[in-house]
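Note sheet for the following structure.
Scope of the values below: all heavy atoms of this structure, side chains included, with no hydrogens, waters or symmetry mates. From a predicted model like this one, the values you see are computed outputs, not experimental measurements. Letters A, B, ... mirror the listed sequences (proteins, then strands); counts begin at 1.
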Amino acid sequence: MDNIQIAEMFNRMAKLLEFKGENPFKTRAYTNAARSIKGLDEELSVLYKSGVMDSIPGVGEALKSKIVEILETGSFDAYERTIKEIPPGIMEIMDIPGIGPKMTRSFYEKLGATSVEELSKAAREHRIRRLPRMGEKHEEKILRSIVRMQQDKDHGRHPIAFAGEIAKQIRDELSSSPHIEKVVIAGSLRRKKDTVGDIDLIAISNEPEKAIRFFVNMEQVEEIVESGTSKGAVLYPGNLRVDLRVVEMASFGSMIQHFTGSKEHNIHLRKIALSKGYSLNEYGFKNEISGKLTPCSKEKEIYDFLGLEYLPPEIREDMGEIEASLTGKLPRLIEKEDIKGDLHVHSNWSDGVNSIEELAQAAIQRGYEYIAITDHSHSTGIANGLSEKRLLEHIKIIDTLNEKTDDIRILSGTECDIRADGKLDYSNEILEKLDIVIVAVHAGLEQDRNKITRRIVAALENEHVDILAHPTGRKLGKRPAYDIDMDKMISVAKENEKILEINSSPWRLDLNDTNARKAKEQGVMLAINTDTHTIEHFDNISFGIDVARRGWVESDDVINTMNLKQLCARLGILK
DNA sequence: GCCGTTTTCGGCCCGACTGTTTTCAGTCG
């Protein structure tokens, strides 16, 4: 059991207890503990073995013994007993947006609904409107929610590239309203999460109600979820929820801080505020005694007030950033300007669109010192992978181009397939002739954990290999990461001084933030590459930078922040 | 169930909106 699974088990327990109507603070204790566990740097199983499981915030004696029980048996008695009392479909009912534990309980007790299907039937038969505090509108809302939930197979998460585009369009449209002075993007989009659940926008306006009316009446809105005096929420096509908060200039900093989140980060900040005698909300600091509100027009004022260094949005996850800020140990996060070149680029020799010259020109325009042309190897037949003979010609062409220009250095490389048995697609004699060797898995993604881990480990142990590309193979919304032992992969990379890639393609973002942070902490070097197949893809680098920043990655952790001379020294390129 | 630089008991992050009822519970972010 890893930390995520244990945290999930506590979260499920909290939901079950809420349904049962237990003391809400007891259920919150489970939620708090789950959040705290998710933020741990070290696996609980490791902490337990070394006997240092004390001092996890929110985990006291009772929950600690439950963690031990989970680690030893895979579950805990209280959970098993509770789940047996409750019909299995109940959890699913609580997952319907707009329906919480209280309503679920009422539907169960008064209507006997134990599944989404039964609830849906009850709504269609108008039995829900007869319940206390229920009515016609609730009935309709429930039916709509159920339909939407069943249509939404991706669990409501949208890749950042998709949601980001829509957000910018909506921002621009809102900005055209005469009632709105300025619109900014907040929420997980501002924190640059790889996928987002919704779009959060903040508008500055002196006429909030008119601003909200403009918002909910925009052309593409499919459904109005909420429309109040300072807040509106709508659904866009694709079941994409968009929230707008309207605020006056004086509280703008407080509002954007609040709605940038994360929720966990904010809860932590509010606790610090309380310890100083203030409560913190989206309008400012409120003195607990006098009740006087101090609004913040700039976000930085909030962190100043709390005695914290300003925290970049990307790391506001309550994953240690507040402690790091208090102890002066905040990382200086990498920036796009630190990148000196791209080490994963495809030309029209394999499945890329552009010639090597065109790619080199585009890289020069972006101010790069170098690029590596890393076309596919022959196993990737569908991508017109290069035979050994074509690869040798490829190297020659690149040599010739390098002789013609001083503006950029083109490195000869490959994205060499790691075959199903862990062998590489080219012989060592060939690999030796290249400046840089990237390896990657493109087939046999369904192998079991041991097999695929061994396969990648074997590749990382090859002396000619430099970088492992898109290390987990995931594609957002399309396929999950392959089942790999990440800790093992990182430690092998470390031992063999190999580099792990953060692939910047917005559909990959692989390594992800969590794994990038893990690799960095273990001292493994990273590369932030675009996997460019057409020159526009070079611009995807910003997505990779976002992931790296979320992973607390600094410039020194990334190989392609090196200048050409340093890079050649690190990769052992002599000429 | 957790937690404490006034506390080992009595608190526990904070506010908007909806739908219902007429003062608020439930849900959400």
Side-chain angles (χ1 to χ4, degrees), chain A residues 10 13-15 17-19 21-36 54-67 76 78 93-107 128-142 145 156 186-188 191 196-202 208-209 212 216 224-234 241-247 251 254-255 257-286 288 293 318:
Chain A
F10 278 180
M13 182 67 177
K15 278 200 140 181
L17 293 178
E18 256 188 293
F19 173 78
E22 278 273 0
N23 174 2
F25 296 108
K26 181 172 169 180
T27 70
R28 193 181 296 174
Y30 275 96
T31 314
N32 288 343
R35 190 171 60 234
S36 179
D54 297 309
S55 76
I56 299 170
V59 177
E61 281 309 311
L63 288 181
K64 197 173 87 180
S65 71
K66 290 185 170 77
I67 292 173
F76 61 103
I93 294 180
M94 280 193 279
D95 285 338
I96 299 170
I99 298 184
K102 298 276 164 55
M103 284 194 201
T104 306
R105 188 177 167 81
S106 160
F107 299 150
I128 287 176
R129 64 179 66 176
R130 293 201 289 269
L131 298 177
R133 297 194 70 90
M134 288 289 140
E136 205 176 326
K137 286 192 173 170
H138 265 119
E139 228 163 39
E140 289 164 6
K141 204 170 152 187
I142 287 166
S145 262
S188 49
R191 301 200 313 280
V196 302
D198 64 2
I199 293 175
D200 291 300
L201 301 167
I202 314 280
E209 290 179 54
I212 301 282
V216 300
I224 300 171
V225 182
E226 277 174 16
S227 176
T229 55
S230 72
K231 181 185 175 190
V234 299
R241 183 183 161 126
V242 186
D243 284 20
L244 177 73
R245 286 295 298 257
V246 184
V247 66
S251 283
S254 296
M255 188 63 82
Q257 194 289 320
H258 179 86
F259 279 98
T260 295
S262 66
K263 191 174 166 187
E264 291 75 15
H265 176 84
N266 287 352
I267 288 173
H268 197 152
L269 292 190
R270 288 189 205 124
K271 285 183 180 164
I272 297 177
L274 278 178
S275 74
K276 293 177 186 290
Y278 290 85
S279 73
L280 174 60
N281 62 30
E282 60 260 57
Y283 301 105
F285 287 99
K286 194 162 74 185
E288 289 247 275
L293 184 83
D318 197 22

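Looking at heavy-atom distances under 4.0 Å, A/K64 makes no contact with the nucleic acid at all. Counting non-hydrogen atoms under 4.0 angstrom, A/P97 reaches the backbone sugars and phosphates but no base. Residue A/P132 is classed as having no contact, given no heavy-atom separation below 4.0 Å to the nucleic acid. Among the protein residues, A/I99 comes within range of the sugar-phosphate backbone only, with heavy atoms under 4.0 Å from sugar or phosphate atoms but none that close to a base. Here A/N23 lies in heavy-atom contact (under 4.0 Å) with a base. Using a 4.0 Å heavy-atom cutoff across all strands shown, A/E136 reaches sugar-phosphate atoms only and no base atom. Within the 4.0 angstrom heavy-atom criterion, no nucleotide atom of any strand lies near A/I212.
Listed nucleotides: B/dT18, B/dG29, B/dT20. Nearest to the side chain of A/K141: B/dT18. Distances from the side chain of A/D200 to the nucleotides B/dT18, B/dG29, B/dG15 place B/dG29 closest. Closest to the side chain of A/K66, out of B/dT27, B/dG29, B/dG1, is B/dG1. When distances run from any side-chain atom of A/M103 to the nucleotides B/dT27, B/dG1, B/dT18, the shortest one goes to B/dT27. Listed candidates were B/dT20, B/dG29, B/dC2. Nearest to the side chain of A/H258 is B/dG29. Taking every side-chain heavy atom of A/S230 into account, B/dC17 is the closest of B/dC2, B/dC17, B/dG15. Distances were taken from every side-chain heavy atom of A/K286 (C-beta onward) to each of B/dG19, B/dG15, B/dG1; the shortest belongs to B/dG15.
With both ends at atom C1', the span from B/dA16 to B/dG10 equals 29 Å, rounded to whole Å. Separation of the P atoms belonging to B/dT5 and B/dG1 is 23 Å when rounded to the nearest angstrom. Rounded to whole Å, the P atom of B/dT27 lies 14 Å from the corresponding atom of B/dT20. B/dT23 and B/dT18 are spaced 14 Å apart, taking the C1' atom of each and rounding to whole Å. Remark: the separation of the P atoms in B/dG26 and B/dT21 is 14 Å, to the nearest Å. Between B/dT6 and B/dC2, the two P atoms lie 24 Å apart (nearest whole Å). Taking atom C1' on both B/dT8 and B/dC12, the two are 15 Å apart, rounded to the nearest angstrom.
A/H138 has a side-chain polar atom (N or O) that falls below the 4.0 Å cut-off from OP1 or OP2 of B/dT20. Contact annotation: A/T27 does not reach the phosphate of B/dG1 (side-chain N/O to OP1 or OP2, under 4.0 Å). Taking side-chain N and O atoms only, A/Y283 has a distance below 4.0 Å to OP1 or OP2 of B/dA16. Residue A/N281 places at least one side-chain N or O under 4.0 Å from the OP1 or OP2 atom of B/dG15. An OP1 or OP2 oxygen of B/dC17 is reached within less than 4.0 angstrom by a side-chain nitrogen or oxygen of A/T229.
Distance A/K231 NZ to B/dG15 P: 14 Å, rounded to the nearest Å. Atom P of nucleotide B/dG1 and atom CD1 of A/I56 are separated by 17 Å, given to the nearest angstrom. Taking atom CZ on A/R245 and atom P on B/dC28, their separation rounds to 17 Å, with Å as the unit. Put simply, NZ on A/K271 is 17 Å from P on B/dG11, counting in whole angstrom units. A/E282 places its CD atom 10 Å from the P atom of B/dC17, with the value rounded to the nearest Å. Rounded to whole Å, the distance from CG on A/L293 to P on B/dG15 is 9 Å. One can place CD1 of A/I199 at 14 Å from P of B/dG29, the figure rounded to the nearest angstrom. To the nearest angstrom, C1' of B/dG19 lies 12 Å from CD1 of A/I142.
Contact check for A/I99 versus A/T104: side-chain heavy atoms found under the 4.5 Å cut-off.
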Trace of the salt bridge (charged side-chain N to carboxylate O under 4.0 Å, His left out) decision for A/K15 with A/D95:
CA-CA 10 Å; A/K15 278 200 140 181; A/D95 285 338; 2.8 Å; yes
Could you go through the side-chain contact (heavy atoms from CB on, under 4.5 Å) check for A/L244 and A/K231 one step at a time?
CA-CA 6 Å; A/L244 177 73; A/K231 181 185 175 190; over 6 Å; no
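With both pairing distances under 3.5 Å, B/dT8 is matched to nothing as a Watson-Crick or G-U wobble pair.
The aromatic rings of A/F10 and A/Y30 stand perpendicular to each other, their planes meeting at an angle above 60°, with 30° marking the opposite boundary.
A/R245 and A/D243 are not joined by a salt bridge, as no carboxylate oxygen comes within less than 4.0 angstrom of a charged side-chain nitrogen. Salt-bridge annotation for A/D54 and A/K64: present, with a side-chain N of the basic residue lying under 4.0 Å from a carboxylate O of the acidic one.
A residue-by-residue look at A/G100 and A/M134 shows that A/M134 has its nearest nucleotide of DNA chain B further toward the 5' end. Mapping A/E226 and A/F25 onto DNA chain B by nearest heavy atom places A/F25 at the nucleotide closer to the 5' end.
With no hydrogens or angles considered, a side-chain donor-acceptor pair links A/H268 and A/D318 at under 3.5 Å.
Remark: the A/D243 side chain and the B/dG29 base include no donor-acceptor N/O pair separated by less than 3.5 Å. A donor N or O paired with an acceptor N or O is found under 3.5 Å between the base of B/dC24 and the side-chain atoms of A/R133.
A/E139 places a side-chain N or O within donor-acceptor distance of the main-chain N or O of A/R129, the cut-off being under 3.5 Å.
Anti is the glycosidic conformation of B/dT21, whose angle departs from 0 by more than 90°.
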